[in-house]
Protein chains: 2
Amino acid sequence: MNEQDVVRALAALAQPHRLQAFRALVVAGPAGMNPGILAEQLAVPAATLSFHLKELMNAGLITQQRAGRHLIYRAEFARMNGLLGYLTDNCCQGEACLDTTATACAC
Amino acid sequence: MNEQDVVRALAALAQPHRLQAFRALVVAGPAGMNPGILAEQLAVPAATLSFHLKELMNAGLITQQRAGRHLIYRAEFARMNGLLGYLTDNCCQGEACLDTTATACAC
DNA sequence: TAAATATTTCCAATAATATGGAAATATGAA
DNA sequence: TTCATATTTCCATATTATTGGAAATATTTA
């Protein structure tokens with residue numbers, strides 16, 4: 001993940017509806033969710049949610065898969081972890097300050 | 001850290017100059033850096049950097065301390081870790097998917 | 001094929017953000 | 001005090017993001 005990727009991912013998450021949608025997909029895990037349920041859960045119009053899900057996809061943070069007349073959106077855990085790692089990279093010049101209680105998803 | 005705090009922090013980091021500045025402060029660790037050196041290192045005009053550092057402060061991601069005619073900016077590691085944790089919270093409904101190789105700073 | 005359901009695309013108005021030169025402010029030194 | 005250095009604030013312009021109703025598209029079922 002280069003700087004541009006990271007800026008795009010951060011910008012995608014820096015919006016309440018998108019942050020909520022992404023977190024819901026993180027909780028959902030590998031099973032994912034379809035936009036109808038997500039729209040209901042977040043109380044956001046379908047057109048608005050669709051716009052935001054596309055933004056998250058453009059940032060590489062989620063993926064889309066068709067399943068019949070439904071779509072399934074899933075969090076892209078590898079990219080999320082890449083983003084987290086980028087922020088702490090070479091923290092304190094690599095001194096012994098890394099906290100192994102940190103939680104990143106291994107999905 | 002509530003949702004609004006997180007959105008503000010993400011928005012603050014979703015800008016190349018600010019992301020670079022923040023990462024430089026993360027690497028610098030508790031010693032921090034002054035804006036003159038930072039401006040030179042990032043090759044950005046002082047006025048522009050000042051604007052961006054203020055944004056990072058408003059988001060609670062860095063702090064400012066005066067030391068004579070210099071200022072010292074430091075990364076606020078607790079808030080950085082809070083941000084990272086917010087994104088992975090209740091990942092996969094809490095199933096065994098947490099990767100303890102993740103790196104968060106304990107500074 | 002036609003109807004029903006699920007989801008996206010289009011659109012234009014509104015709002016927020018990034019830029020950097022010049023002037024202002026704050027501190028330390030002569 | 002007066003000068004030199006460090007840093008911020010002011011400002012106007014240009015760019016970009018967000019919203020949701022209506023129409024369009026895709027898929028399944030009858």
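Below, read A as the first sequence line, B as the second, and so on, with proteins coming before strands; counting in each chain starts at 1. Computation of the quantities below employed the complete heavy-atom set of this structure, encompassing side-chain atoms and omitting hydrogens, waters and symmetry-equivalent molecules.
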(request) Answer yes or no: does a side-chain N or O of A:K54 lie under 4.0 Å from OP1 or OP2 of C:dT7? (result) no
(message) Measuring from the side chain of B:A46 (C-beta onward, heavy atoms only), which nucleotide among C:dT7, D:dT8, C:dG20 has the closest atom?
(response) D:dT8
(request) Whole angstrom is fine here: how far is it from CE in B:M57 over to P in D:dT7? (result) 13 Å
(request) Send over the distance from B:M33 CE to D:dT7 C1', rounded to a whole Å. (result) 15 Å
(request) Give a yes/no answer on whether the side chain of A:H17 brings an N or O atom under 4.0 Å of OP1 or OP2 in D:dT18. (result) no
(request) Would you mind reporting whether B:Y86 and B:D5 have side-chain heavy atoms less than 4.5 Å apart? (result) no
(request) Name the closest nucleotide to the A:P35 side chain, picking from C:dT7, D:dT7, C:dT9. (result) C:dT7
(message) For B:Q64, is the CD atom crowded, meaning more than 12 foreign heavy atoms sit under 6.0 Å from it?
(response) yes
(request) Spell out, as yes or no, whether a donor-acceptor pair under 3.5 Å connects the side chain of A:R66 to the backbone of A:G68. (result) yes
(message) Measure NE2/A:H70 against P/C:dT5 and give the value in whole Å, please.
(response) 12 Å
(message) Less than 4.0 angstrom between a side-chain N/O of A:H52 and OP1 or OP2 of D:dT19, yes or no?
(response) yes
(request) Report the distance from atom CZ of B:R66 to atom P of C:dT27, rounded to the nearest whole Å. (result) 5 Å
(message) On the nucleotide D:dT15, are OP1 or OP2 found under 4.0 Å from the side-chain N or O atoms that B:Q15 carries?
(response) no
(message) Could you tell me how far apart B:Q65 (CD) and D:dT8 (P) are, to the nearest whole angstrom?
(response) 14 Å
(request) Name the residue closer to the 5' end of DNA chain D, choosing between A:G68 and A:V44 according to the nucleotide with the nearest heavy atom. (result) A:V44
(message) Just the rounded figure in Å: distance from P of D:dT18 to CG of A:L13.
(response) 12 Å
(message) Whole angstroms only, please: what is the CZ-C1' distance between A:R69 and C:dT8?
(response) 16 Å
(request) Measure from the side-chain heavy atoms of B:A47 and tell me the nearest of C:dT7, C:dG20, D:dG21. (result) C:dG20
(request) Examine the side chains of A:Q20 and A:Q41 and answer whether a donor and an acceptor come within less than 3.5 Å of each other. (result) no
(message) Distance check needed: C:dA6 P versus A:Q64 CD, whole Å only.
(response) 16 Å
(message) Would you say B:S50 places a side-chain N or O within less than 4.0 Å of OP1 or OP2 belonging to D:dT7?
(response) no
(request) Check whether any side-chain heavy atom of A:L61 sits under 4.5 Å from a side-chain heavy atom of A:L25, and report yes or no. (result) no
(request) Report yes if a side-chain nitrogen or oxygen of A:Y73 is closer than 4.0 Å to either non-bridging phosphate oxygen (OP1 or OP2) of C:dA6; otherwise report no. (result) no
